[in-house]
Amino acid sequence: QVHFEESGGDSVQSGGSLRLSCALSGNIADIYIMGWYRQAPGKQRELVADITAHDYVDYADFVKGRFTISRDKAENTVSLQMNSLKPEDTAVYYCTARGRYIPPDYGYWGQGTQVTVSS
């Protein structure tokens, strides 16, 4: 199966920055899309950003201009640079990976890393 190593979650002040990283290992031959979702208390999980094997990116509206996703194909890693963080960004952030044309719910999920932004 696919294994995830997620890191970078922390507690920061509003306006601060964090960089999340995720390294994949195991059976990853079919992986086409990697990215990040998040889930805040009392809310559904939602897309933050993802990136394909051809470097197409997709960002949620609420992070455009603040977050940047990047991928190192040789190392099978994906990172999320988060700037200008807001309290509403507080959530568990999950690294995700899936094959092409596979819906997110049928992909692979990491354990998650906590991001807390205080005012």
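Since this is a predicted model, take the numbers as computed values, not measurements. Residue numbers run from 1 in the order of the sequence given.
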Using a 4.5 Å cut-off on heavy atoms from C-beta on, say whether the side chain of [Y] contacts that of [X].
| X | Y | value |
| --- | --- | --- |
| Lys73 | Asp55 | yes |
| Gln81 | Ser21 | no |
| Cys22 | Trp36 | yes |
| His54 | Tyr32 | yes |

Is there a path of hydrophobic side-chain contacts, each under 4.5 Å between heavy atoms of I, L, V, M, F, W or Y residues, that connects [X] with [Y]?
| X | Y | value |
| --- | --- | --- |
| Ile51 | Phe4 | yes |
| Ile102 | Val57 | no |
| Ile28 | Met34 | yes |
| Val92 | Trp109 | yes |

State, to 0.1 Å, how close [X] and [Y] come at their nearest heavy-atom pair, and which atoms those are.
| X | Y | result |
| --- | --- | --- |
| Leu47 | Phe62 | O-CZ, 3.6 Å |
| Leu24 | Cys95 | CD1-SG, 4.2 Å |
| Thr52 | Arg71 | C-NH1, 3.2 Å |

Would you check if the side chain of [X] reaches a backbone N or O of [Y] as a donor-acceptor pair within less than 3.5 Å?
| X | Y | answer |
| --- | --- | --- |
| Tyr94 | Gly35 | no |
| Arg66 | Ser84 | yes |
| Thr113 | Gly9 | yes |
| Lys86 | Val117 | no |
| Glu6 | Gly112 | yes |

Taking the six-membered ring for Trp, are the ring centroids of Tyr108 and His3 within less than 6.0 Å of each other?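 Tyr108 vs His3: aromatic centres not under 6.0 Å.
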With Met82, the side chain to side chain contact (heavy atoms under 4.5 Å, CB included) member among Val12, Thr68, Leu18: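 When side chain to side chain contact (heavy atoms under 4.5 Å, CB included) is applied between Met82 and each of Val12, Thr68, Leu18, only Leu18 qualifies.
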Given Val115, which partner from the list Leu80, Asp10, Leu20 fulfils the side chain to side chain contact (heavy atoms under 4.5 Å, CB included) test?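 Exactly one candidate clears the test, Leu20.
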[X], [atom1] atom: more than 12 neighbouring heavy atoms under 6.0 Å:
| X | atom1 | value |
| --- | --- | --- |
| Glu5 | CD | no |
| Gln44 | CD | no |
| Lys43 | NZ | no |

Decide, yes or no, whether a salt bridge links Arg98 with Asp50 under the criterion of side-chain N to carboxylate O below 4.0 Å.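 So Arg98 pairs with Asp50 through a salt bridge.
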Salt-bridged, Asp89 to Arg38, with N to O below 4.0 Å?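 Counted as a salt bridge, because a side-chain N and a carboxylate O are separated by less than 4.0 Å.
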Could you tell me the separation between the CD atom of Gln13 and the OG atom of Ser119, rounded to the nearest 0.5 Å?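 Gln13 atom CD to Ser119 atom OG measures 8.0 Å (nearest 0.5 Å).
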To the nearest 0.5 Å, how far apart are CZ in Phe67 and OH in Tyr59?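 Atom-to-atom, Phe67:CZ and Tyr59:OH are 10.5 Å apart.
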Go through the side-chain N and O atoms of Ser17 and Asn83 and say whether any donor and acceptor fall under 3.5 Å apart.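 Indeed, the side chains of Ser17 and Asn83 share at least one donor-acceptor pair under 3.5 Å.
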